[in-house]
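Structure, as structure tokens:
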Amino acid sequence: EVAAARAKLEAILDHQAALHDAFATSAVALTVVDRTGQEAKGVGPSTNMFDYILPGMGVFFLMFAAAAAAGDLHRERAGGTLRRLLVAPLGSSDLLVGKWLFAMLNGLLQLVVLFAAGRLLFRMSLGPDPLALPLAAVATSAMLASLFLPLALLTANEKQMGTISTGVTLFMALVGGNFINVDQMPPVLQAAGRFTPNYWANRTFNDIVVHGRGAADILPRVAVLFGIAAVLLAVAVAIYRRRGGKAGLL
């Protein structure tokens, strides 16, 4: 009985040691190399591959979320809630601004969760400047919140908008660097990507997370993002008023 108890105790200790070793394993970290197997230009040997992947994927999925938020106009029209909203004492453009604000806050929350999970699970870098990443996240959320509002006002129904917005999102993701790091794209695609809004978001996050740049360094790109957001929101308001304001939404 003593021998059996000792064997059982040793088995328990071995099991606990195995669990300790399993949970003590360091987080996944991948080194970026080129096609020849050499270290990629400008990338240190400790670079985490998730620094490249997560921001681009976050912007990509956030484009779908922004399209869905703008598509609420069609869903509320079909469900009858839009008519009740329009009889409320709102200003001429308050409804659109409210939709934009909701989409922006929703996108910002998604980015916060993404970066927090990336940091905790994959040790993704958040950059050396604590102000840079929040500034880029706010600018990106504002830009994407405006991106699909004009399309929501120009399309006839949710199905039509969903088809067009999906195609637009996939095209911009391919050209704008969501699937391939912007720095690794051919010069032609980098030049073409400058005409897509998501390119500027991807470039900004890449500067912070991969290259370790601070808030002062990314201010020009952040200004571009806020500029795109303002222009697209102004276009949406102009379309809204051109169609007759509240009456044109019904």
Side-chain angles (χ1 to χ4, degrees), residues 27-28 30 48-75 99-127 132-152 155 158-185 189 193-210 218 221-222 224-226 228-229 232-233 236:
V28 176
L30 302 177
N48 189 341
M49 190 64 179
F50 291 103
D51 292 352
Y52 287 86
I53 296 174
L54 291 181
M57 288 296 100
V59 174
F60 174 60
F61 289 112
L62 196 55
M63 286 194 285
F64 284 104
D72 279 344
L73 286 173
H74 295 299
R75 287 187 289 274
K99 292 291 182 185
W100 174 82
L101 185 60
F102 165 77
M104 188 194 73
L105 294 176
N106 181 58
L108 185 60
L109 177 61
Q110 291 185 47
L111 288 177
V112 168
V113 172
L114 171 74
F115 291 134
R119 180 61 178 174
L120 293 174
L121 299 178
F122 306 110
R123 297 187 179 177
M124 186 187 83
S125 171
L126 301 182
L133 200 60
L135 182 61
V138 171
T140 298
S141 301
M143 181 273 292
L144 292 178
S146 303
L147 186 58
F148 293 101
L149 272 180
L151 182 61
T155 50
E158 183 181 2
K159 183 177 181 180
Q160 185 182 78
M161 180 182 174
T163 302
I164 298 174
S165 64
T166 298
V168 170
T169 296
L170 292 175
F171 173 78
M172 290 195 303
L174 288 171
V175 177
N178 289 94
F179 301 139
I180 303 174
N181 180 258
V182 175
D183 291 332
Q184 305 302 320
M185 293 172 62
L189 288 182
R194 290 185 175 90
F195 295 95
T196 60
N198 55 305
Y199 169 89
W200 297 97
N202 292 325
R203 173 64 80 178
T204 305
F205 286 127
N206 189 67
D207 285 347
I208 298 169
V209 175
V210 176
I218 65 167
R221 303 194 196 283
V222 168
V224 172
L225 290 171
F226 277 124
I228 294 172
L232 290 175
L233 184 59

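As the structure is a computational prediction, the values presented were derived from the model and not from experiment.
Met143 is not listed as a side-chain neighbour of Trp200, based on a closest heavy-atom distance of 4.5 Å or more. Counting heavy atoms from C-beta outward, Val175 and Phe195 have side chains that stay 4.5 Å or more apart. In this structure, the side chains of Asn178 and Met63 come closer than 4.5 Å at one or more pairs of heavy atoms. Looking at Leu225 and Thr140, their side chains come closer than 4.5 Å, going by heavy atoms from C-beta outward. Contact annotation: the side chain of Pro55 never approaches that of Asn206 to less than 4.5 Å [non-hydrogen atoms, C-beta and beyond]. In this structure, Ile228 and Ser146 have side chains that are not in contact, with every pair of non-hydrogen atoms separated by 4.5 Å or more.
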**Study point:** Working for side chain to side chain contact (heavy atoms under 4.5 Å, CB included), residues Leu149 and Leu232
**Key:** CA-CA 8 Å; Leu149 272 180; Leu232 290 175; over 6 Å; no
Exercise for review: Mind running side chain to side chain contact (heavy atoms under 4.5 Å, CB included) on Leu147 and Met172 for me, showing each step along the way?
Suggested key: CA-CA 12 Å; Leu147 186 58; Met172 290 195 303; 3.6 Å; yes
Practice item. Go through Leu151 and Ile164 one step at a time and tell me if the side chain to side chain contact (heavy atoms under 4.5 Å, CB included) criterion holds. Key: CA-CA 8 Å; Leu151 182 61; Ile164 298 174; 3.8 Å; yes
Exercise for review: Check the pair Phe148 / Met161 against side chain to side chain contact (heavy atoms under 4.5 Å, CB included), numbers first and verdict last.
Suggested key: CA-CA 9 Å; Phe148 293 101; Met161 180 182 174; 4.0 Å; yes
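Under the side chain to side chain contact (heavy atoms under 4.5 Å, CB included) criterion, Ala142 pairs with Trp100, Met104, Phe226, Ala229, sequence neighbours left out. In this view, Arg119 and Leu126 satisfy the side chain to side chain contact (heavy atoms under 4.5 Å, CB included) rule, not counting sequence neighbours. Remark: Leu174 engages Phe179 in a side chain to side chain contact (heavy atoms under 4.5 Å, CB included) (not counting sequence neighbours).
For the side chain to side chain donor-acceptor pair (under 3.5 Å) test with Arg221, the passing option among Asn202, Thr204, Asp207 is Asp207; the others fail.
Residues Ser141 and Leu111 approach most closely at OG-CD1, 3.7 Å, considering heavy atoms. When all heavy atoms are compared, the tightest approach of Ala152 to Ala70 is CB-O, 3.5 Å. Closest of all the heavy-atom pairs between Ile208 and Ala132 is CD1-O, 3.5 Å. Nearest heavy-atom pair across Met124 and Asn48 is N-ND2, 4.1 Å.
At least one donor-acceptor pair closer than 3.5 Å links the side chain of Arg75 to the backbone N or O of Ala68. With Thr166 contributing its side chain and Thr163 its backbone, the two residues share no donor-acceptor pair below 3.5 Å.
Taking CG from Leu62 and CG from Asn198, the interatomic distance works out to 11.0 Å, rounded to the nearest 0.5 Å. Phe122 CZ to Ile53 CD1: the interatomic distance, rounded to the nearest 0.5 Å, is 9.0 Å. Residue Leu144 holds its CG atom at 11.5 Å from CG of Leu108, rounded to the nearest 0.5 Å. Here the straight-line distance linking atom CE of Met49 with atom CG of Leu54 works out to 10.5 Å at 0.5 Å rounding. One distance of note links CZ of Arg194 with CZ of Arg203; it measures 7.0 Å at 0.5 Å rounding.
Ring-centre distance between Phe205 and Tyr52: not below the 6.0 Å cut-off. A ring-centre distance under 6.0 Å is found for Phe64 and Phe60.
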